[in-house]
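Note that this is a predicted model, so its numbers are computed, not measured.
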Amino acid sequence: QVQLVESGGGMVQTGGSLRLSCAASGRTFNGYRMAWFRRAPGKDREFAAGINWSDGRTNYADSVKGRFTISRDNAKNTVYLQMNSLKPEDTAVYYCAADSPLIIGREYDFWGQGTQVTVSS
């Protein structure tokens, strides 16, 4: 069982920055896909950024590309989301997720509990 714990959320002014952290359990995450999703009030959860643990390849939603950067620290089993130039529309609960290659039939098998990000205008 993989466990994910997010931290780093808070309130920031428009144009400011925050860094979210996702601490993941396990000895190795080779083969895993890690991602950040977000859910704004009254909206469905949406994909924000993803990273392959093994090779570090990343992809981003158009809404955050150029402003957000996802990365991982292999030694700490931690995934980060650096968020710059924040906008009010970035306000959401942000979730860390992990897609295991060992579980067939679904994506993003493990989820964190979420951390609130609020961007004031």
**Student:** So, for Ile70 and Thr58, which heavy atoms are closest and what is the spacing to 0.1 Å?
**Tutor:**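 Closest heavy-atom pair between Ile70 and Thr58: CG2-CG2, 3.6 Å.
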**Student:** Can you list every pair that meets disulfide bond (SG atoms under 2.5 Å apart) and has a residue in residues 34-66, with sequence neighbours left out?
**Tutor:**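 Every candidate disulfide bond (SG atoms under 2.5 Å apart) pair involving residues 34-66 fails, so no pair, neighbours aside, qualifies.
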**Student:** Do side-chain atoms of Asp109 reach the backbone of Ser100 as a donor and acceptor pair under 3.5 angstrom?
**Tutor:** yes
**Student:** With a 4.5 Å cut-off on side-chain heavy atoms, are Val12 and Thr118 touching?
**Tutor:** no
**Student:** Any pair with a residue in residues 15-121 that passes disulfide bond (SG atoms under 2.5 Å apart), sequence neighbours left out, goes on the list, sorted by first then second residue, please.
**Tutor:** Cys22-Cys96
**Student:** Can you list every pair that meets ring pair (Phe, Tyr, Trp, His ring centres under 6.0 Å) and has a residue in residues 10-31, with sequence neighbours left out?
**Tutor:** Phe29-Tyr32, Phe29-Trp53
**Student:** Is there any disulfide bond (SG atoms under 2.5 Å apart) pair reaching into residues 52-86, and which pairs are they, with sequence neighbours excluded?
**Tutor:**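 Sorted result for residues 52-86: empty, none.
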**Student:** Please assess Leu86 against Phe68 for the test side-chain contact (heavy atoms from CB on, under 4.5 Å), listing each intermediate value before the final yes or no.
**Tutor:** CA-CA 9 Å; Leu86 283 162; Phe68 291 10; 3.8 Å; yes
**Student:** When the ring planes of Trp111 and Phe37 are compared, do they come out parallel, tilted or perpendicular, using 30° and 60° as the limits?
**Tutor:** tilted
**Student:** Report, as yes or no, whether the 6.0 Å neighbourhood of atom CD on Gln116 holds more than 12 heavy atoms from other residues, nucleotides or ligands.
**Tutor:** yes
**Student:** Would you mind listing every disulfide bond (SG atoms under 2.5 Å apart) that reaches into residues 29-88, with sequence neighbours excluded?
**Tutor:** none
**Student:** Which pair of heavy atoms, one from Gly31 and one from Ser54, lies closest together, and at what distance?
**Tutor:** N-CB, 4.3 Å
**Student:** Taking only residues two or more places apart in sequence, or in another chain, which ones meet Thr115 in a side chain to side chain contact (heavy atoms under 4.5 Å, CB included)?
**Tutor:** Glu6, Leu20, Tyr94
**Student:** Hey, can you pull the donor-acceptor pairs under 3.5 Å for the side chains in residues 40-47, sequence neighbours left out?
**Tutor:**
residue	atom	partner	partner atom	Å
Glu46	OE2	Arg38	NE	2.8
Glu46	OE2	Arg38	NH2	3.3

**Student:** Which residues pass the salt bridge (charged side-chain N to carboxylate O under 4.0 Å, His left out) test with Arg67, sequence neighbours left out?
**Tutor:**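 Only Asp90 meet the salt bridge (charged side-chain N to carboxylate O under 4.0 Å, His left out) criterion with Arg67.
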**Student:** Checking Asp62 now: which residues fulfil side chain to side chain contact (heavy atoms under 4.5 Å, CB included) with it, not counting sequence neighbours?
**Tutor:**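 If we apply the side chain to side chain contact (heavy atoms under 4.5 Å, CB included) test to Asp62, skipping adjacent residues, there are no hits.
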**Student:** Can you sort out the partners of Thr14 under side chain to side chain contact (heavy atoms under 4.5 Å, CB included), two or more places apart, ordered by chain and number?
**Tutor:** Pro88, Val119, Ser121
**Student:** For the residue pair Phe110 and Val2, what are the closest heavy atoms and their distance?
**Tutor:**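 Heavy atoms only, the tightest pair is CD2-O, 3.5 Å.
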**Student:** Tell me whether Leu81 is reachable from Val117 by hopping between hydrophobic residues (I, L, V, M, F, W, Y) whose side-chain heavy atoms are closer than 4.5 Å.
**Tutor:** yes
**Student:** What residues form a side chain to side chain contact (heavy atoms under 4.5 Å, CB included) with Lys65, not counting sequence neighbours?
**Tutor:** Tyr60
**Student:** Are side-chain heavy atoms of Leu4 and Met34 found at a separation under 4.5 Å?
**Tutor:**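 A side-chain contact exists here, since the closest heavy-atom pair is under 4.5 Å.
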**Student:** Using a 6.0 Å cut-off, check whether atom CD of Glu89 has over 12 heavy atoms from anything other than its own residue.
**Tutor:**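 Check passes, neighbour count above 12.
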**Student:** Scan for side chain to side chain donor-acceptor pair (under 3.5 Å) pairs involving residues 69-82, sequence neighbours excluded, and state none if there are none.
**Tutor:** Gln82-Asn84
**Student:** When you compare the side chain of Val64 with that of Met83, does any pair of heavy atoms fall below 4.5 Å?
**Tutor:**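 No; the side chains remain at least 4.5 Å from each other.
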**Student:** Distance check, rounded to the nearest 0.5 Å: Ser17 atom OG versus Arg19 atom CZ?
**Tutor:**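 Here the interatomic distance stands at 12.0 Å.
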